[in-house]
S.K.: 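For reference, the structure I am asking about is given below.
Position 1 is the first residue of the sequence; numbering continues from there. In each ligand, atom 1 is the first atom listed, and ligand 1 is the first ligand listed.
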Amino acid sequence: MLTVHHLNNSRSQRVLWLLEELGVPYDIVRYQRQLDMRAPKELRDIHPLGKSPVITDNGNTIAESGAIAEYIIGTYGNGRLIPPPNTPERLRYTYWLHYAEGSAMPPLLLKLLFTLMPKRAPALLRPLVRKVSNQALTTLVNPQLKQHMAFWESELGKSEWFAGAEFSGADIQMSFPLEAAAARGGLEVGHPKAMAFVDRIQARPAYIRALEKGGPYTIGR
Ligand SMILES: N[C@@H](CCC(=O)N[C@@H](CS)C(=O)NCC(=O)O)C(=O)O
């Protein structure tokens, strides 16, 4: 049976949701974040990078959310959650599947990093670290994030879902950046369509079932 190596409060929530959408049976092996938020070292026994999500299935070990989504949809989807080949929707699907981790997440991670840095700096250095962090946020990170959020807002003005009129794996993959931006990126100001997307996905029965299985998920709430 397919096994999800699930780190609490993490991107592997997306994998549980995808499996729930498709009704694929799965087992969960749970890993708990340490105090520093890192994954425990046991996850490195599954994949050398020790990150979540990782799945194991039929002798395959698959890491990277986008690759996992492709594998699950290709192996168990029977044409569901993916637009037909050679259509504009399929191109958009592929784009968003890669864009979510390749382009959207880096500024969101930088935002988290520069926000946390002053709080974690030694007291004596804190004013200096805060100054440098704020400068990086103001000049580099926030303008980029603003651009990405405006892009999502405009794309979701063209169709209800990221790849087109139908809900697809691209929406599951895009959920994490949008939820992270809603939690700490300022998405709620001036992005009604993106916020409505977040509300729509969080109301899906499969999303709710996945939350019940995955445990507390503060990024999405
Ligand atoms: N691009 C990777 C990112 C994986 C990743 O950074 N996962 C985080 C959880 S959201 C993680 O494992 N963090 C714990 C750590 O780095 O120790 C993917 O989409 O799978």
S.K.: Would Arg200 pass as a cation-pi partner of Trp161, given that its NZ or CZ must be under 6.0 Å from the six-membered ring centre and within 45 degrees of the axis?
M.R.: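 Here Arg200 passes the 6.0 Å and 45° test against Trp161.
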S.K.: I'd like to know if Glu101 and Arg11 make a salt bridge, using a cut-off of under 4.0 Å between side-chain N and carboxylate O.
M.R.: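 Salt bridge: yes.
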S.K.: Indicate yes or no for a side-chain donor-acceptor contact from His6 to the backbone of Gly214 under 3.5 Å, with no hydrogens or angles considered.
M.R.: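 The answer is yes, because a donor-acceptor pair under 3.5 Å joins these two groups.
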S.K.: Ion pair present between Lys213 and Glu20, side-chain N to carboxylate O less than 4.0 angstrom?
M.R.: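 Judged by the 4.0 Å cut-off on N to carboxylate O distance, Lys213 and Glu20 do form a salt bridge.
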S.K.: Compile the protein residues with any heavy atom at a distance under 4.0 Å from an atom of ligand 1; present them by chain, then by number.
M.R.: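 Heavy-atom contacts below 4.0 Å: Leu7, Ser10, Arg11, Arg14, Arg33, Arg38, Ala39, Lys51, Ser52, Pro53, Glu64, Ser65, Glu101.
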S.K.: May I ask you to say whether Arg92 pairs ionically with Glu89, meaning some side-chain N is under 4.0 Å from a carboxylate O?
M.R.: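 Salt bridge flag = no for Glu89 with Arg92.
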S.K.: Determine, stepwise, if the pair Asn8 / Tyr217 fulfils side chain to side chain donor-acceptor pair (under 3.5 Å).
M.R.: CA-CA 7 Å; Asn8 68 299; Tyr217 178 58; over 6 Å; no
